[in-house]
2 protein chains.
Amino acid sequence: MGRELVRQGGRSARIQREVHAATQSLVGRFDRSAITVPMIADLAGVTPSTIYRRWGDLGSLLADVASEKLRPISDPDDTGSTASDLEAFVLQYAEEMSSKVGRDLLRDVLADAEDTAATKCWRYTYDHLETIAARASARGDAPLEPGLIIDRVIAPICFHILFGDRDVSADYCRGLLAGLRAVDNPAE
Amino acid sequence: MGRELVRQGGRSARIQREVHAATQSLVGRFDRSAITVPMIADLAGVTPSTIYRRWGDLGSLLADVASEKLRPISDPDDTGSTASDLEAFVLQYAEEMSSKVGRDLLRDVLADAEDTAATKCWRYTYDHLETIAARASARGDAPLEPGLIIDRVIAPICFHILFGDRDVSADYCRGLLAGLRAVDNPAE
DNA sequence: ATTCTTAACGCAAAATATTTGCATTAAGGC
DNA sequence: GCCTTAATGCAAATATTTTGCGTTAAGAAT
């Protein structure tokens with residue numbers, strides 16, 4: 001007898017879609033503190049108990065929805081050169097994440113005790129960086145370490161967004177990227 | 001007539017202490033998901049409505065308590081040299097924050113919509129780095145930019161703790177610090 | 001010291017949100 | 001088409017959060 005961990009079929013999948021859609025809609029219109037499970041259930045045309053049984057609590061649902069929303073639809077743009085691929089990706093990342101909605105999504109993902117949402121989230125970023133790195137090596141450019149980009153560029157961006165201690169401008173991001181090049185070409 | 005924004009006197013202050021103490025005690029013994037406002041109120045010998053009126057909700061109380069707990073008691077150790085001052089501080093920071101309690105405190109601070117807790121939190125770190133920087137310049141050592149330390153050392157540490165994508169070991173932290181020295185002495 | 005004003009609290013009722021037991025529906029295997 | 005059971009709906013039971021109102025006590029004024 002074949003085993004199925006979670007049912008993927010019609011009703012279950014439909015409800016998940018509707019709950020996600022309702023949540024996204026509310027998250028876009030109201031403050032976190034104003035959103036409740038019964039509110040989402042109402043909009044989704046579902047009983048609150050369904051949501052509680054499936055997601056546990058509001059925080060987990062928000063984290064789930066946020067991680068889905070954060071999932072990129074496509075590979076990072078191929079702009080022709082490694083440096084501009086990376087810059088384009090980083091600037092877009094910073095702009096999305098530093099907006100109010102981006103910041104809230106980040107918080108929702110990190111607030112959840114289960115870190116499956118957080119894991120998904122950094123994996124998306126790593127994957128994109130690996131795509132860019134693969135292109136770089138295909139071009140014969142200097143190899144590009146995703147881990148280093150995370151440490152030197154992505155991490156500071158996330159830090160400042162989360163703690164709100166400084167503005168994350170495009171120039172600031174370009175500065176981080178410039179610091180990165182100094183590592184590749186220490187003689188320069 | 002003199003104005004007072006918040007009463008500091010006996011009863012109010014005592015209740016704040018008791019609620020903080022009760023919260024810390026519960027946070028140390030139970031999971032976040034098991035902690036409720038009535039539970040804290042009970043342990044503190046206070047009515048739940050007092051907590052709701054004063055802190056708004058559980059998240060804000062947890063953030064408040066966490067930021068207080070994160071407040072350093074003393075200046076960073078003076079170990080004799082700038083490099084070892086910095087290393088000692090960073091290693092202690094990483095160790096405290098990467099423990100289960102440290103990670104939870106960080107999350108509590110960042111989860112709150114009001115970012116007064118988050119602001120306090122990074123200010124503590126900046127202040128310590130500025131203390132170390134002041135010592136460095138008093139010794140005639142190379143100047144030390146707190147902002148750079150944040151970007152290059154603290155931010156990656158926080159990132160990995162929050163996202164859980166890698167272990168934050170002492171060796172890893174020392175590697176971050178080594179990368180920092182390469183900036184000061186690019187010729188090396 | 002005494003009085004006055006009012007922020008902060010306690011209490012209890014009301015409003016909401018969460019959990020749970022049980023009946024029903026429908027996905028996926030046969 | 002039948003069977004098993006995960007997932008849902010419904011409603012009752014709990015638990016939490018909010019709110020109105022009386023009381024307490026901090027800090028200012030006299």
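Chain letters run A, B, ... following the sequence lines, proteins first and then strands; every chain starts at 1.
Rounded to whole Å, the distance from CZ on A/Arg11 to P on C/dA27 is 7 Å. What separates CG of A/Asp57 from P of D/dA15 is a distance of 18 Å, to the nearest Å. The CE-P distance, from A/Met39 to C/dA17, rounds to 7 Å in whole Å. Atoms CD1 (B/Ile40) and P (D/dA15) sit 17 Å apart, rounded to a whole Å. Residue B/Leu61 contributes atom CG, which lies 15 Å from atom C1' of D/dT16 at whole-angstrom precision. When rounded to the nearest whole Å, the span between CD1 of A/Ile15 and C1' of C/dA27 equals 12 Å. Atom CZ of B/Arg14 is separated from atom C1' of D/dA25 by 10 Å (rounded to the nearest Å). Rounded to a whole Å, the CG atom of B/Asp42 is 13 Å from the C1' atom of D/dA15.
When all heavy atoms of B/Val168 and B/Cys173 are compared, the closest pair comes out as CG1-SG, 3.8 Å. The shortest non-hydrogen separation linking A/Phe163 to B/Ala118 is CD2-O, 3.7 Å.
A/Ser49 contributes a side-chain N or O that forms a donor-acceptor pair with the base of D/dC10 under 3.5 Å. Judged by distance alone, with hydrogens and angles left aside, A/Arg54 brings no side-chain donor or acceptor close enough to the base of D/dT8 to form a pair under 3.5 Å.
Within 4.0 Å of B/Thr47, counting heavy atoms only, lies at least one base atom of the nucleic acid.
Among C/dA27, D/dA26, C/dA17, the nucleotide with an atom closest to any side-chain atom of A/Thr36 is C/dA17.
At C/dA8, none of the side-chain N or O atoms of B/Ser12 fall inside 4.0 Å of OP1 or OP2 (strictly under the cut-off).
In this model, no donor atom of one side chain and acceptor atom of the other lie less than 3.5 Å apart for A/Asp85 and A/Thr82.
Along DNA chain C, the nucleotide nearest A/Arg53 and the nucleotide nearest A/Pro48 are compared for position; the residue whose nucleotide lies closer to the 5' end is A/Pro48.
Note on ring orientation: taking the six-membered ring where Trp is involved, the planes of A/His128 and A/Phe89 are perpendicular (angle over 60°, cut-offs 30° and 60°). Using cut-offs of 30° and 60° for the angle between ring planes, the B/Tyr172 and B/His160 rings count as perpendicular.
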